[in-house]
Amino acid sequence: MQTAVRGHENPALDVAWMAARQLGLSLVICSCLLAGHPHANDRRWSFLLEGLRDAGDELERRGGALFLHIQRSGGSPAHSWQGMLSLARGATLTVTEDMPVEPHRGWTLAITEALNSRQQEHDSGVIDLTDERDTVGSSGGGLWAVDTACVVPCIQVGRAYERAFAFRSATAGYRSAAMGMLQRYNKFDGIGLGDVTLSEGQVGWMDGWDVIKANSQTLSSIAEIVADTPVDHTVPPSPSLSGGAAGYAQWEVFKSSGRLKNYAKTRNDILTPDGVSRLSPYHHWGMVSPFRIAREGAAVYKFQDEFLVWRELAYSFCHYRYPQHSTLDGVPKWARDTLQQHAADAREALPLAQLEGASTGDPVWDAAQRCLNRHGELHNNIRMTWAKAILRWAPTPGDALQWAIHLNHKYALDGCDPCSYAGILWCFGQFDGPKSPERPIFGRVRGRPTSIHNAKLAGYRRIVDRDTYGAARRTP
Ligand SMILES: Cc1cc2nc3c(=O)[nH]c(=O)nc-3n(C[C@H](O)[C@H](O)[C@H](O)COP(=O)(O)OP(=O)(O)OC[C@H]3O[C@@H](n4cnc5c(N)ncnc54)[C@H](O)[C@@H]3O)c2cc1C
């Protein structure tokens, strides 16, 4: 359980449960916090652990259990990784989430490769795996990656789309069929897991691999646990959003206050932080069911379009364009060419540290970066302007892209997501067409000067400089 941190409406959990029942095997649900995550920090780990705590409680209510390995300070990364591998090697089947971007995709591929090479050694008689596995005679040892995030699974989409309108129309039929099927998905939620779940002592953990059962007792002091992990401690937890079940509380208020109904009118106003759902961090970790949000948001066309078209466009784009999705090779040729043709244009070179310190001297941009640094959130309207402006200061367009990815992933609670790459690449011409007139630095990539926000700057600064962003307040 890595990116669908929930005990309900979880296709990976359902597949694992059904496979265990069909094969007469037992089920071990496990999550690993590896410090090898390139953007592991207090903000990300606190939010994730809050989600794991709530998912652990939820699974216990269903008679199951969530086992959690956290790489601690002084612990060896290799040992953490070996523990995860040994678990996969000992299993007849490993089921995980199909997350199309790093670090999860790389981890999934590495485990698959390790399992395959071990299977080849077994098949050629070099090693005997028969006693090692919790198996009923099958040679097993496979890994299944299940799409837990999209209403139209990436595999069904079939390819990467370059424009939202093309994706929207090509997937419309699948989407409406899937929405029909998902109406009653929550009927699985009551099914008990106790008959297939192993207790802690029954699992063959690797010697010395530190595992706890995640629930609100074992994770009652998340701040202390995070302090004892080898992650970046310079990025503090969000003052506004707590992970886990808080996501649904936020969603309920969004619906009952009428803000969902007014979404099309308020979604672009940077002075109305709660005019949007602010659920993207919960979607990133799968702490709320995307299927429930799709069902309950279905009546509001604009919301549904952002959620089911733009978000799922991002997932399938990353799925089929990996690993180019994180480089300028991911944008169309016209955009790459025009940025390259203007790469030598005069620009005000600033070091990345100055951007990270929100001290470029551009008041709009600095306010946006301060919002990211303090709150871990950035309104989509100013986020587009924010990423495009980086082209003005980075040495090359390629550097600008990497700086945007770095700043986004390090500070944004929803960072490291397929939507991160799609959103950032949009600022560099992806999912868009060439614009006229051609301008310095940007060439034919759509411009968005920071001055478009000048009229709202004073109000925006007041929002950014408050203790919390919008109405939500973190309850650790
Ligand atoms: C430069 C840049 C960087 C971005 N980085 C991220 C990121 O790291 N993680 C992330 O989830 N999104 C990212 N986005 C997309 C968008 O900014 C966020 O999804 C949105 O602001 C989240 O706020 P919300 O949950 O209130 O969205 P709402 O407006 O309430 O929309 C509901 C949901 O729809 C999805 N959604 C909304 N807008 C978009 C969009 N433009 N593209 C894809 N999905 C969308 C999100 O899952 C969101 O939670 C980025 C956009 C840009 C321009």
Side-chain angles (χ1 to χ4, degrees), residues 3 39 43-44 47 99 101 149-151 161 164 167-168 240-241 247 250-251 253-255 259-270 272-290 292-294 296-298 300-318 325-326 365 368-369 371-372 375-391 400-401 403-432 446 448 469-472:
T3 59
H39 295 280
R43 179 169 294 170
R44 188 173 297 278
F47 193 82
M99 173 52 106
V101 296
C150 295
V151 164
Y161 282 84
F167 178 86
R168 188 181 292 113
S240 309
L241 300 184
Q250 170 119 334
W251 173 241
V253 173
F254 188 60
K255 284 187 302 174
R259 294 201 293 262
L260 172 61
K261 223 180 257 168
N262 283 331
Y263 178 77
K265 282 192 210 126
T266 54
R267 61 180 281 271
N268 274 324
D269 183 7
I270 60 169
T272 312
D274 291 299
V276 286
S277 67
R278 297 172 62 195
L279 284 188
S280 52
Y282 301 95
H283 290 308
H284 172 65
W285 292 112
M287 291 172 188
V288 295
S289 155
R292 173 173 159 188
I293 303 301
E296 296 179 4
V300 180
Y301 173 81
K302 190 63 198 160
F303 181 82
Q304 206 69 340
D305 198 57
E306 293 297 324
F307 188 54
L308 295 185
V309 173
W310 283 94
R311 177 170 174 272
E312 298 199 1
L313 168 72
Y315 267 79
S316 56
F317 180 82
C318 292
H325 70 289
S326 59
W365 199 91
Q369 182 62 37
C371 193
L372 258 188
H375 303 291
E377 294 182 76
L378 191 54
H379 192 285
N380 185 58
N381 191 351
I382 202 164
R383 204 169 193 171
M384 296 184 272
T385 318
W386 166 84
K388 280 181 182 279
I390 298 173
L391 275 163
L401 177 64
W403 287 13
I405 292 173
H406 165 78
L407 294 171
N408 189 79
H409 288 4
K410 179 168 176 182
Y411 294 102
L413 264 180
D414 62 7
C416 304
D417 193 80
C419 299
S420 320
Y421 294 101
I424 293 169
L425 286 186
W426 179 85
C427 298
F428 290 74
Q430 184 55 264
F431 312 118
D432 206 2
R446 182 194 296 265
R448 228 174 184 266
Y469 176 75

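Since the structure is predicted, the reported quantities are computational estimates derived from the model, not experimental observations. Whatever order the structure lists them in is the order used to number ligands and atoms, beginning at 1. Quick note: numbers below take in every heavy atom, side chains included, and nothing from hydrogens, waters or symmetry partners.
Considering only residues two or more places apart in sequence or on other chains, Lys255 meets the side chain to side chain donor-acceptor pair (under 3.5 Å) condition with Glu252, Glu296. Take His379 and apply the ring-ring contact (aromatic ring centres under 6.0 Å, His included) test, not counting sequence neighbours, and it matches no residue. For Ala400, the side-chain contact (heavy atoms from CB on, under 4.5 Å) test picks out Ile390, Leu391, Ala394, Phe428, with sequence neighbours left out.
The contact shell of ligand 1, taken as protein residues with any non-hydrogen atom closer than 4.0 angstrom, comprises Tyr263, Val276, Ser277, Arg278, Leu279, Ser280, His283, Phe303, Glu306, Phe307, Trp310, Arg311, Asn380, Arg383, Met384, Ala387, Asn408, Asp414, Gly415, Asp417, Cys419, Ser420, Gly423, Ile424, Cys427.
Of all non-hydrogen atoms in Gln304 and Ala298, the two that sit nearest each other are NE2-CA, 3.4 Å.
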Check against side-chain hydrogen bond (donor to acceptor under 3.5 Å, both in side chains), Arg267 and Asn380: CA-CA 9 Å; Arg267 61 180 281 271; Asn380 185 58; over 6 Å; no
Checking Tyr282 against Phe47 for the ring pair (Phe, Tyr, Trp, His ring centres under 6.0 Å) test, could you report, in this order, the C-alpha distance in whole Å, the side-chain angles of both residues, the deciding distance, and whether it holds? CA-CA 9 Å; Tyr282 301 95; Phe47 193 82; 5.1 Å; yes
